[in-house]
Amino acid sequence: MKKLFTLSLMALVASQAFAAEFPIKDKPVTIIVPFAAGGPTDRVARDLQQALGKSFPGTSFVIDNAAGGPGGLIGATKAARATPDGHTLMVHHIAMGVFPSFVKNMPFKIDSDFEYLGMINEVPMTLIGRANLPAKNFAELKTWMAANKGKINLGNAGSGSASHLCGMMFQAAVNIDMTTIPYKGTAPAMNDLLGGQIDLMCDQTTNTSAQIEAGKVKAYGLTTTKRLTTPALKNMPTLQEDGLKGFEVNIWHGLYAPKGTPADVVTKINAALKTALKDADFVKKQEALGAVIITDKRVESAEHKKFVAAENARWTPIIKAAGTFTD
Ligand code: ASP
């Protein structure tokens, strides 16, 4: 009897030794955002930062804008190489699903160097232009673009970014080549669009809704198949309605941790993410900007991972056909 008791006590001690402490007292949780502050990925991360924090009272959540590289490669590499204790997370977007098709020498593997913590949202994009563009709608924009071939500047967040994918598809759809101007995120690109230094940009509604509503940029269409119901965007036609058949770009964001983050920590953060995705304040803020919160099985780690692999398969031929590769 005594031996049995000792053995079960030893088993209990052993299981506790393997249950990682999370959160570690007084240690902040850093959320890496691989784009500049103030942009759409940053917006999602900052709203999530507040909602996630509610599940871990006393722990501070901080944002690290590790911007740069194709598709936010610098921040994603930093996240892949961070200490896997749950104290470094990353919010990233569609680039996670397209990295292998546009970066030849990947410093990490999307499938084996990350723990997938669940998807966050899906966000349509909008085609927008500087406020003083003469075109008031998409039909007029087409005329303006035809008259200005060779002179049009299109901003984006660097190759492999969401704005790059959208811009690349847009140029192919209208059959007009534009000069792409890369930034470290679409927050700085938006500044230049507001200043009139660039003409056009495609960006998530989480970054464009307020500017469209305030009349600070011209809006020419949504990149999704259906119109939106949010006040800022409810009268905006889709680019498909305007004749760009099959034109669809829907951006998604997910939460990640470096590979090797203990399974029980992954479970805890995944549970906190699911709670955050139902947090009334988070949902309200995100929906007001046109984002659709993930409520299906893609909030689960395994489904999130499957979805990213499927996105990779979907985008690879598109990117290869466009011949856009980087080292
Ligand atoms: N929206 C950006 C992109 O085009 C990234 C960002 O700044 O969030 O990928």
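Atoms within each ligand, like the ligands themselves, are counted from 1 in listed order. This structure is a prediction, so every number in the text was calculated from the model and none was measured.
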Query raised in the report: Does the pair H304 and F114 meet the rule for a ring pair (Phe, Tyr, Trp, His ring centres under 6.0 Å), with working shown?
Result: CA-CA 12 Å; H304 176 195; F114 286 99; over 10 Å; no
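- D64 and T30 share no side-chain donor-acceptor pair at under 3.5 Å.
- With a 4.0 Å cut-off on non-hydrogen atoms, D203 touches ligand 1 through its side chain and not its backbone.
- Here the protein heavy atom with the shortest distance to atom 1 (N) of ligand 1 is Q204 OE1, 2.6 Å.
- A salt bridge is absent between K27 and E21; no separation between the charged side-chain nitrogens and carboxylate oxygens falls under 4.0 Å.
- Each of the following atoms of ligand 1 lies closer than 4.0 Å to a heavy atom of G185: 7 (O).
- Using a 4.0 Å cut-off to heavy atoms of A162, the atoms of ligand 1 that qualify are 3 (C), 4 (O), 9 (O).
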**Report entry** Step-by-step ring pair (Phe, Tyr, Trp, His ring centres under 6.0 Å) determination, H93 to F35
**Finding:** CA-CA 10 Å; H93 68 10; F35 294 107; 4.9 Å; yes
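- Ion pairing of D264 with K268 is absent here, as no side-chain N (NZ or NE/NH1/NH2) approaches a carboxylate O to less than 4.0 Å.
- Remark: ligand 1 atoms within the under-4.0 Å shell around heavy atoms of T41 are 5 (C), 6 (C), 8 (O).
- In this structure, H93 is part of the shell of residues with a heavy atom less than 4.0 angstrom from ligand 1.
- Checked by atom type, the side-chain pair T186/S163 shows no donor-acceptor distance below 3.5 Å.
- Looking at atom 2 (C) of ligand 1, its nearest protein heavy atom turns out to be T186 OG1, 3.1 Å.
- The pair K259-D113 does not count as a salt bridge, with every side-chain nitrogen at least 4.0 angstrom from each carboxylate oxygen.
- With ligand atoms numbered from 1 in the order given, ligand 1 contributes 3 (C), 4 (O), 9 (O) to contacts under 4.0 Å with heavy atoms of S163.
- Contact atoms of ligand 1 toward P40: 1 (N), 6 (C), 7 (O), 8 (O) (distance under 4.0 Å to a heavy atom of the residue).
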